Colleague: 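Below is the structure I would like to discuss, written out as structure tokens.
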Amino acid sequence: MSEGTTPSTTKPARVRYAPSPTGDPHVGNIRTAVWAWLHARHTSGQFLVRIEDTDQSRKQPGSEERILASLEWLGLDWDEGPDIGGPFGPYVQSQRLPLYHAAVERLLADGNAYPCFCTPEELDALRERQRAEKRPPGYEGKCRVIPREEAAARAASEPHVVRFAVPDEGTTVAVDLLRGPIEVENSTLDDFVILKSDGYPTYHLAHVVDDHEMEITHVTRGDEWIPSMPRHALLFDALGYERPIFVHTSIILAPGGGKLSKRHGAKSMLEYAEDGYLPDAVLNFLCITGWGYGDETVMSREQLIDVFEIENIGLNPATFDMEKLAWLNGVYIRQTPIAELAELIARRLEVDLPPEVPRPLDRALVEEVTPLIQERIQTLAEVKDLVDFFWAPEVPVPAAEEFLQKKWKDRAEAASFALARSADVTDALDPFEAAPLEEQLRALADELEVKAGDLFTLIRLAVTGRRVSPPLFETMEIVGQGVCVDRLRAASAYLAG
RNA sequence: GGCCCAUUCGUCUAGCGGUCUAGGACGCCACCCUCUCACGGUGGAGAUCGGGGGUUCGAAUCCCCCAUGGGUCACCA
């Protein structure tokens, strides 16, 4: 450990990432997981994954798998979870029903909860009335006054939910690590449902029971949970559990401000992988949006773990800066060892190159091309457009206007001649290597009395078919002597009319 | 509407009472490097710290009010 707080002085934390399997995790959501993971690793504690599937109707098939795949892609490893189990399993809430029922029984027995027989229709009507009378919405305790025995008897046969009995008076103070104490009048809290009529607990109950059972030290979650934190605190208290440390993180905004949308970065984690971003870059980026460490911007996974302090997380909603992510990704691409990058590029090209190109791709060629484009790409998705001509059996000669610009404007004949001479020089070179090739072609430019750059533009167009390419001579060396000569001659003939 | 949260360059942030005429990064502009594009280098524009009151010898940093933005008021999480 170099800098930062030495983990030995901090108690190991047990933190969890507790998504509900209702879709693919998005950046805002995953960023909370990143911070939680970092905190666990920083304190040499544990990071666990728990699936919160207490709403059967919203469950989406495959979601759990993609959630885990997202974490895996980012390199966030978990010590306990639905797939690997652990000492506090199972890690899926729908498999822990007995635990919640036991908690409800205790609450019922202690008078901290009561069955409620109101129907959804009645509750809707209540809300309607409250709205019309401009009164605050919320359950008003109709079933709370039913005598205990009567309630128990009815509960045996009638459909019902169980509500937590919030104290009528007093205030509840709950502490958020980042914001300090948050105080709420109990009178503004209604008797919320803790057990649904289908026998499943609500989030409120389930997370309190689980976080206690799993010995979670820090409850990290989005700040949309702040308003219900006091209810959770009350539940922890009523069950005789020690309250965990609450950490609420702010949301991520879309570029224009406002909520993140599909258009603006709210893609699932796995889509970033498809878009050619590197896991370390995304991790770094996510971590520094909403949190900062002095003047540091580019930080490795190890540095991040070393230096990350959960209490320094920022409070204001951060805007998702796509351009900065792209830049950062470029930084990581440039830092990647060539062999490793070539591997990534090869895999990318296998899917991006047109189907006519024979597979598997020539690895040796990929490895030759990689150093030429390493500092020219920000994402793997940009590779194809930059290098596809290396694999194209034919490179069509660009239109005449492409050649006849600037110095060559209205000089088709001169351009054609320059190309023909370039072909000769190229053809005569032996061995065919970049350095001597450049030397010879520069000499040719002198001879033709044109600027080297102007000659090279012509050659680039003829050989690669485009005005922008990786460095010319290295490119030509890879393309090969014969092919280069052919393309130069073809372009020359084309311009000659 | 009630309750709650937030507010430093366009953006992400540093800052935790004096070292701030506010630092870094992305983006932007200029120049340099240069065969194109990039990379890299140098320099520049860019926030009187949302506004107004306090507290203090001294405030971006503490307190209050206001404004703005956001969240939340389900048998969803």
Side-chain angles (χ1 to χ4, degrees), chain A residues 18-22 52-55 57-58 93 116 118-120 123-124 127 130-131 134-139 159-163 176 178-179 182-185 187-190 192-204 206-207 221-230 248 250-251 253 255 257-259 285 288-298 312 314-328 330-331 334 372-378 386 438 441-442 445 451-461 464 466-473 475:
Chain A
S20 59
T22 54
E52 311 226 317
D53 62 343
T54 53
D55 185 350
S57 65
R58 295 208 314 155
Q93 289 186 327
C116 169
C118 296
T119 64
L123 296 174
D124 283 344
R127 270 189 288 274
Q130 289 166 329
R131 204 160 55 83
K134 291 193 165 45
R135 280 155 49 214
Y139 188 68
H160 64 280
V161 299
V162 175
R163 289 180 184 274
D176 175 90
L178 308 177
R179 305 157 222 263
I182 290 172
E183 199 177 313
V184 172
E185 296 287 330
S187 60
T188 67
L189 265 26
D190 72 349
F192 55 99
V193 174
I194 55 176
L195 189 70
K196 298 183 272 186
S197 57
D198 63 2
Y200 279 75
T202 58
Y203 169 83
H204 305 301
H207 109 265
R221 69 217 322 191
D223 67 3
E224 68 269 22
W225 290 108
I226 291 178
S228 42
M229 174 172 61
H248 292 97
S250 59
I251 59 164
L253 264 24
K259 268 200 160 168
F285 176 75
I288 63 168
T289 110
W291 176 84
Y293 179 68
D295 286 347
E296 300 295 322
T297 301
V298 182
N312 288 142
L315 296 176
N316 38 340
T319 304
F320 195 79
D321 190 347
M322 289 281 233
E323 295 195 313
K324 193 165 187 173
L325 204 214
W327 164 80
L328 231 202
V331 171
R334 273 170 253 131
L372 266 39
I373 61 171
Q374 180 166 220
E375 61 190 29
R376 273 164 252 270
I377 53 172
Q378 290 192 312
L386 213 48
E438 173 169 8
L441 289 173
R442 280 188 188 280
K451 287 207 298 195
D454 292 327
L455 207 220
F456 297 166
T457 297
L458 247 34
I459 299 174
R460 184 189 318 280
L461 243 10
T464 71
R466 57 191 71 179
R467 318 190 63 81
V468 172
S469 80
L472 225 210
F473 312 106
T475 296

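Convention: sequence-line order gives letters A, B, ...; per-chain numbering from 1. Source: prediction; values computed, not measured.
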Colleague: Can you tell me how far P of C12(B) sits from CZ of F320(A), to the nearest Å?
Modeller: 12 Å
Colleague: Can you tell me how far C1' in C57(B) sits from the matching atom in C49(B), rounded to whole Å?
Modeller: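 That atom pair is separated by 22 Å.
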Colleague: Using the C1' atom on both, measure G46(B) against U13(B) and round to a whole Å.
Modeller: 15 Å
Colleague: To the nearest angstrom, how far is I182(A) atom CD1 from G2(B) atom P?
Modeller: 19 Å
Colleague: So what's G50(B) paired with, Watson-Crick or G-U wobble, going by both distances under 3.5 Å?
Modeller: C66(B)
Colleague: How far, in whole Å, is U56(B) from C63(B) if one measures between their P atoms?
Modeller: 16 Å
Colleague: For E296(A) and G15(B), what is the distance between atoms CD and P respectively, to the nearest whole Å?
Modeller: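 One finds 13 Å between P of G15(B) and CD of E296(A), rounded.
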Colleague: Can you tell me the base-pairing partner of A74(B)? Count Watson-Crick or G-U wobble geometry only, both distances below 3.5 Å, and say none if there is no partner.
Modeller: none
Colleague: Answer with yes or no whether the side chains of H248(A) and R179(A) bring together a donor and an acceptor at under 3.5 Å.
Modeller: no
Colleague: Hey, does the Lys NZ or Arg CZ of R163(A) hover above the aromatic six-ring of F192(A), less than 6.0 Å from the centre and inside 45° of the axis?
Modeller: no
Colleague: I'd like the P distance from U61(B) over to U48(B), given in whole Å.
Modeller: 15 Å
Colleague: Is it true that D321(A) and K324(A) have a side-chain N and a carboxylate O under 4.0 angstrom from each other?
Modeller: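 A salt bridge is absent here (no side-chain N lies under 4.0 Å from a carboxylate O).
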Colleague: Output the rounded distance in Å from CD1 (I288(A)) to C1' (U11(B)).
Modeller: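 The distance from CD1 of I288(A) to C1' of U11(B) comes to 12 Å, rounded to the nearest Å.
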Colleague: Nearest whole angstrom, please: distance from the C1' of G2(B) to the NZ of K134(A).
Modeller: 13 Å
Colleague: In terms of side-chain heavy atoms, does R460(A) have a donor or acceptor partner in S469(A) at a distance below 3.5 Å?
Modeller: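 Yes, a side-chain donor-acceptor pair sits under 3.5 Å.
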Colleague: Using atom C1' of each nucleotide, how far apart are G41(B) and C4(B) to the nearest Å?
Modeller: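 Rounded to whole Å, the distance is 50 Å.
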Colleague: Taking atom C1' in both G24(B) and U8(B), what distance in whole Å separates the two?
Modeller: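 Per the computed distance, 13 Å lies between those C1' atoms.
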Colleague: So which nucleotide does G18(B) pair with, by the Watson-Crick or G-U wobble rule with both distances under 3.5 Å?
Modeller: C57(B)
Colleague: Would you give a per-nucleotide map of nucleotides 25-38 of chain B, 5' to 3', where B means the base has a protein non-hydrogen atom under 4.0 Å away, S means only the sugar-phosphate does, and - means neither?
Modeller: BBS-------BBBB
Colleague: Between R127(A) and D124(A), is there a side-chain N and carboxylate O pair less than 4.0 Å apart?
Modeller: yes
Colleague: Could you check which nucleotide pairs with G27(B) in any of the strands shown, counting Watson-Crick or G-U wobble with both distances under 3.5 Å?
Modeller: none
Colleague: With the sugar-phosphate defined as primed atoms, P, OP1 and OP2, and the base as all remaining atoms, what B/S/- string results for nucleotides 64-77 of chain B, 5' to 3', for protein heavy atoms under 4.0 Å?
Modeller: -------BSSSBBB
